[in-house]
Structure formats: C-alpha cells, structure tokens
Amino acid sequence: FNTFYLQAASGTKGGSSGSPVIDCQGRAVGLNAGGKNKAASAYYLPLDRVVRALKLIQASKDPETPWSSWGGVTIPRGDLQTVFVFKGFDEVQRLG
C-alpha cells in the first residue's frame with residue numbers, strides 16, 4: 001500500500017527492523033523499517049498504516065479456518081499523487 005515513511009535521526013542499528021518507535025510521551029508511533037549502517041537516520045512506517053493492514057487481515061480470515069490453511073489477503077493500495085517542489089536553502093531560510 002502507498003504510504004509515506006517517517007525519517008528521523010535515531011542512530012538505530014541493523015537488526016532492529018520491526019521494533020516500535022516511541023515518541024517523547026512514550027506512545028508507539030511507528031515501526032522501524034530500516035536504515036543504513038553508518039548513517040545517522042532511519043525510516044519508520046507510521047503505526048496507523050500498520051494497524052490498517054492488520055485490521056484488513058483480521059477481517060478477511062474466517063475464524064473457523066486454521067492459520068495453516070489460510071490463503072492470505074490482498075491489502076488494497078491507495079491512489080496518491082504527490083509533487084515535491086525543491087526550494088533552495090536560502091529561500092527556505094528566508095521563509096522561516
């Protein structure tokens with residue numbers, strides 16, 4: 001499904017993918033989706049997108065069917081078109 005990832009300077013290391021991301025109030029806001037070794041930033045999948053996918057999976061499974069014989073579900077993708085406009089540092093700094 002189409003989604004934007006959050007990026008933050010976090011210093012997370014390899015092997016932490018799937019770990020919860022906690023905000024300064026202690027609330028889970030995302031899942032660690034990856035980063036690069038030797039990089040100070042990492043990418044996070046917003047938690048609302050994870051919850052949406054989980055609810056679609058749960059709603060599609062018949063409670064009488066064991067997980068071992070369940071065929072899975074397709075998570076519908078959204079339609080999203082975004083145009084990013086580059087602004088130079090001097091212009092952005094002037095805008096505040």
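Quick caveat: nothing in here was measured; it's all calculated off a predicted structure.
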TODO: Under the side chain to side chain contact (heavy atoms under 4.5 Å, CB included) rule, collect the residues that match up with Leu54, sequence neighbours excluded.
DONE: Gln58

TODO: Check Ala28 against Leu47 and note the closest heavy-atom contact, atom names and distance.
DONE: O-CD2, 3.3 Å

TODO: Would you please name every residue forming a side chain to side chain contact (heavy atoms under 4.5 Å, CB included) with Glu64, sequence neighbours left out?
DONE: Asp62

Open item on the list: Is there a path of hydrophobic side-chain contacts, each under 4.5 Å between heavy atoms of I/L/V/M/F/W/Y residues, joining Ile22 to Val29?
Closed with: no

Task: Least distance between heavy atoms, Val21 atom then Leu31 atom - done: CG2-C, 4.0 Å

